[in-house]
Every structure is written in C-alpha cells, then in structure tokens.
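What follows is a set of notes on a single structure, which appears directly below.
Quick caveat: nothing in here was measured; it's all calculated off a predicted structure.
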Amino acid sequence: MDSCVIPLRHGGLSLVQTTDFFYPLVEDPYMMGRIACANVLSDLYAMGITECDNMLMLLSVSQKMNEKERDQVMPLMMKGFRDAAEEAGTSVTGGQTVINPWIIVGGVASVVCQPNDFIMPDSAVPGDVLVLTKPLGTQVAVNAHQWLDISEKWNKIKLVISREEVEQAYQEAMLNMATLNRTAAALMHKFNAHAATDITGFGIIGHARNLAQHQKNNVAFVIHNLPIISKMAAISKAGGNLFGLLQGTSSETSGGLLICLPREQAARFCAEMKSSRVGLSGAVGQDGGAGDGQQAWIIGIVEKGNRCARIIDKPRIIEVPYRGSVVSAQEGSHNNASPTEVHCFLAVL
C-alpha cells in the first residue's frame, strides 16, 4: 500500500503514515520544496485521506555547497515545503537535517483517523473504469530541459520540438508535480472509489500492476489511453523509445492518482475535478478559489482477470496542452528563486 495503516489502542482509530524523499530534479529550490511535500502527501491522498495531522521534513545539505550557497538555497527549499504543507491544511513541526554529498529532500506525513476516513485499495470489480488525475511525461520534460545545453542530446530531439516548447513543457511538469492530489482524494469518497494508488517511480504500468495484484477480486486492468504532456510522446519516439514513456515504464514524480471508479460515476468525477477551484498545490480554494481546477481522464477498464495490468498495443495518446509557466501562476509572489539562487542550486546537482 502507499501508506501504512496501524490500528491504535484507542478504539476505532488508526494511525496512517508514509514517508518519501528524493534528489532535486528541477532548477528552482522553492518549487523543489513544494514538489517534495506534494509527493509525500500523495501517499495519503491515494487512500482517500484528505487531512494530515502532522508533517516532518527530511533534509540533506550537500557538502559541496559553500556557506553562501547553503544560506541562499536551503531556506527556499524549506519554504516551498512548508508552503505546500500549509495549503494542504497541515504544518511541519520538526524533522532531521544532515550533511551529505547530495541534496535530498522529503518528509513524513501522519494522520490519526477513523475507518471511514480512508479507502483501502483492494476492492476493484469488473466493470469499473480507470481514471488518471495528472498527465504523464514529467521525466521526459525534465530531461529534455536539461538537454537544451547538451548538444549531443539536443540534436536527437530538436526536429520534433522547439526550445520554447521544451521550456513550456518543463514549466508544465513543475506545475503538475507541485499540485496536490487532495481534490481527487476528496472526490474518491463522493464517487465511491474502489481502489487507488499514486503514479511515481515505477511508471503508470508498474503502479497499475502493483494495484491489480492486491485486489480481493480476480480482475485485470487494461489501459487504452495515455494522457501525456504535449510533445513528450514525440520526444520519446525521437530519442529511441526514451524512458519507455509509451510503454508506461517512464518514472513520474508526484504524479496523479490512478483510481478505480464505478463506470457510472467516472464521467461525473472528471467533470467535478475540472470544475473545482484549486490553488497551485491543489488546495481547494475558498470563496471562488485561486485556480481553474484539474483535468482527469478515463484511461482504461477493469475486467475479469488474474490480477495483472497491461497497456493495449496501440494506446490513444492524449496530448495535454501547456497551461502556462509557474512564473505566471505565482505572479506577484516573492517565492521564486533569483538567478543567483538557481545557479547555486544547479552547481551541486
């Protein structure tokens, strides 16, 4: 499961807890902090849990950084993490910081809840449909952005995408990774979800297989559609099946939820996701909110089978357009890193 569920001595209550951490993958320390926090919380959201009682931050400072770099970069990363936690309705009350050869950021999320607060990921039935709440392709987008300065790599993909489009895809990937899955978690209860997981390091097919293997019923997941950030499928093909994106094996970071929903509920779930007003990190806005909602896609079906998952031979690729840069989403904010801070951050990657 994405989170552990520990029955407590106190009647009817359980501790639900998860932890995760990783290395930086984007240039902006502030956004990296937000992404790390969203990634940790996604394990709770995958179980339909919408509230988090407490978070701890895990931070590793690179020994390659000098004092000036450390003082510029690490506070921004910590602020990004804390800001995302605040948007999720929780707070960071402690953690652990160490010196390490590499920067590492992550955390622990904990909540005490009643049985009706979470949805065990094991009740999919034949006839359900599969819904995905974020597009795929973040690994390709982040790597393509790094390749802008590596001529050998750039020459392989420059015929299918422009430099401007690479930048837009990178911004889109950052925005997606920093968006909380909290809205989807709430709607899982409203629309009677039967199981869910979040899509991260094993790619959509890896996580789909893991989820299928743990169902109580004899089911199989069949994926027909792959929503992918615009132009990332073309890059994957041009790079010689880059990262296995079209085969579903490309890693994602802080990806969407893959949810098994009753067929009659799925379209309404997607419509309500789209109409919800959310902020940058996915917190549902009050009095009109701060954003335009999130897309979700019906990508496959649940049928009778032997607890496996597969992508059909020629899945439909849904090109998901760019919504604009993180800079415009944070216009007027002082949270973005300055060029000097970004340079310091990159120096130790």
Side-chain angles (χ1 to χ4, degrees), residues 1-2 20-26 35 38-39 42-43 46 121 124 129-147 150 153 156-157 160-161 166 169-170 172-174 176-177 179 181 195-215 219-260 295-303 305-320:
M1 299 197 306
D2 291 298
D20 205 351
F21 63 87
F22 48 68
Y23 307 105
L25 70 161
V26 300
I35 292 166
N39 188 67
S42 272
D43 289 337
V129 297
L130 303 173
V131 170
L132 183 65
T133 66
K134 289 184 187 180
L136 308 171
T138 55
Q139 184 182 33
V140 177
V142 167
N143 279 271
H145 189 258
Q146 294 171 353
W147 294 349
I150 305 173
K153 300 282 191 180
K156 292 182 179 180
I157 64 173
V160 299
I161 192 168
V166 168
Y170 173 71
E172 180 68 19
M174 274 206 295
N176 280 316
M177 291 186 288
T179 298
N181 284 314
T197 189
D198 63 327
I199 306 303
T200 51
F202 297 109
I204 188 167
I205 193 62
H207 289 284
R209 285 170 177 160
N210 182 65
L211 187 62
Q213 288 168 4
H214 291 86
Q215 298 308 299
V219 296
F221 298 166
V222 183
I223 297 172
H224 296 263
N225 305 318
L226 295 175
I228 297 175
I229 296 171
S230 182
K231 293 296 186 80
M232 297 305 100
I235 288 179
S236 182
K237 291 177 182 177
N241 190 28
L242 195 62
F243 304 119
L245 177 62
L246 303 183
Q247 287 70 44
T249 59
S250 183
S251 296
E252 304 293 332
T253 298
S254 189
L257 300 187
L258 177 65
I259 308 171
C260 302
Q295 279 190 279
W297 300 266
I298 297 173
I299 66 164
I301 61 173
V302 179
E303 60 184 23
N306 58 348
R307 296 186 179 89
C308 61
R310 65 182 177 89
I311 300 174
I312 64 171
D313 289 340
K314 294 183 179 180
R316 182 168 72 103
I317 305 303
I318 302 172
E319 294 276 335
V320 180

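Every residue was checked against the side chain to side chain donor-acceptor pair (under 3.5 Å) condition with D198, not counting sequence neighbours, and none meets it.
The two residues V320 and P135 come nearest to each other via the heavy atoms CG2-CB, 3.8 Å. Nearest heavy-atom pair, L211 versus A196, reported as atom, atom and distance to 0.1 Å: CD1-O, 3.7 Å. Minimum interatomic distance between A141 and A173 (heavy atoms only, all atoms of both residues): CB-CB, 3.8 Å. Closest approach of A195 to A124, counting heavy atoms only: CB-N, 4.4 Å. In plain terms, the two heavy atoms of A233 and I317 that are nearest each other are CB-CG2, 4.1 Å. Contact detail for G201 and S251: the closest heavy-atom pair is O-OG, 2.7 Å.
Between the OG atom of S230 and the CD1 atom of I161 there is a distance of 7.5 Å, given to the nearest 0.5 Å. With values rounded to the nearest 0.5 angstrom, N143 atom CG is found 9.0 Å from I150 atom CD1. If you take CD1 on I235 and NZ on K156, they are separated by 13.5 Å, rounding to the nearest 0.5 Å. Distance check, rounded to the nearest 0.5 Å: NZ of K231 to CD of E172 gives 14.5 Å. From I301, atom CD1 reaches atom CD1 of I312 across 9.5 Å, with rounding to the nearest 0.5 Å. If you take CG on L25 and NE2 on H145, they are separated by 12.0 Å, rounding to the nearest 0.5 Å.
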Before giving the answer on side chain to side chain contact (heavy atoms under 4.5 Å, CB included), spell out for N225 and I298 the whole-Å C-alpha distance, their side-chain angles and the decisive distance to 0.1 Å. CA-CA 8 Å; N225 305 318; I298 297 173; 5.6 Å; no
Does the pair I204 and I299 meet the rule for a side chain to side chain contact (heavy atoms under 4.5 Å, CB included), with working shown? CA-CA 11 Å; I204 188 167; I299 66 164; 3.6 Å; yes
Could you go step by step and tell me if L136 and E252 meet the side chain to side chain contact (heavy atoms under 4.5 Å, CB included) rule? CA-CA 7 Å; L136 308 171; E252 304 293 332; 3.6 Å; yes
Between I228 and L246, is a side chain to side chain contact (heavy atoms under 4.5 Å, CB included) present by the stated rule, with each step listed? CA-CA 9 Å; I228 297 175; L246 303 183; 3.7 Å; yes
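In F202, the CZ atom is not crowded: 12 or fewer heavy atoms of neighbouring residues, nucleotides or ligands sit closer than 6.0 Å. Counting heavy atoms of neighbouring residues, nucleotides and ligands inside a 6.0 Å radius, atom CZ of F22 exceeds 12 of them.
Put simply, the side chain of I205 does not reach to within 4.5 Å of the side chain of Q247, judged on heavy atoms. Side-chain atoms of N176 and I229, non-hydrogen and from C-beta on, do get closer than 4.5 Å to each other. The closest side-chain heavy-atom distance from V219 to C260 is not below 4.5 Å. No side-chain heavy atom of K134 sits less than 4.5 Å from a side-chain heavy atom of L132. I223 has its side chain within reach of L226: a pair of non-hydrogen atoms, C-beta onward, lies under 4.5 Å apart. Looking only at side-chain heavy atoms (C-beta outward), R310 and V222 come within less than 4.5 Å of each other. Looking only at side-chain heavy atoms (C-beta outward), V26 and M177 come within less than 4.5 Å of each other.
A donor-acceptor pair under 3.5 Å links the side-chain atoms of N181 to the main chain of G255, judged by distance alone. Side chain of S236 to backbone of L242: a donor-acceptor contact under 3.5 angstrom is found.
Here side-chain hydrogen bond (donor to acceptor under 3.5 Å, both in side chains) pairs that include residues 204-215, with residues two or more places apart or in two chains, are T200-H207.
When each of I199, T133, T197 is checked for a side-chain contact (heavy atoms from CB on, under 4.5 Å) with L257, only T133 meets the rule.
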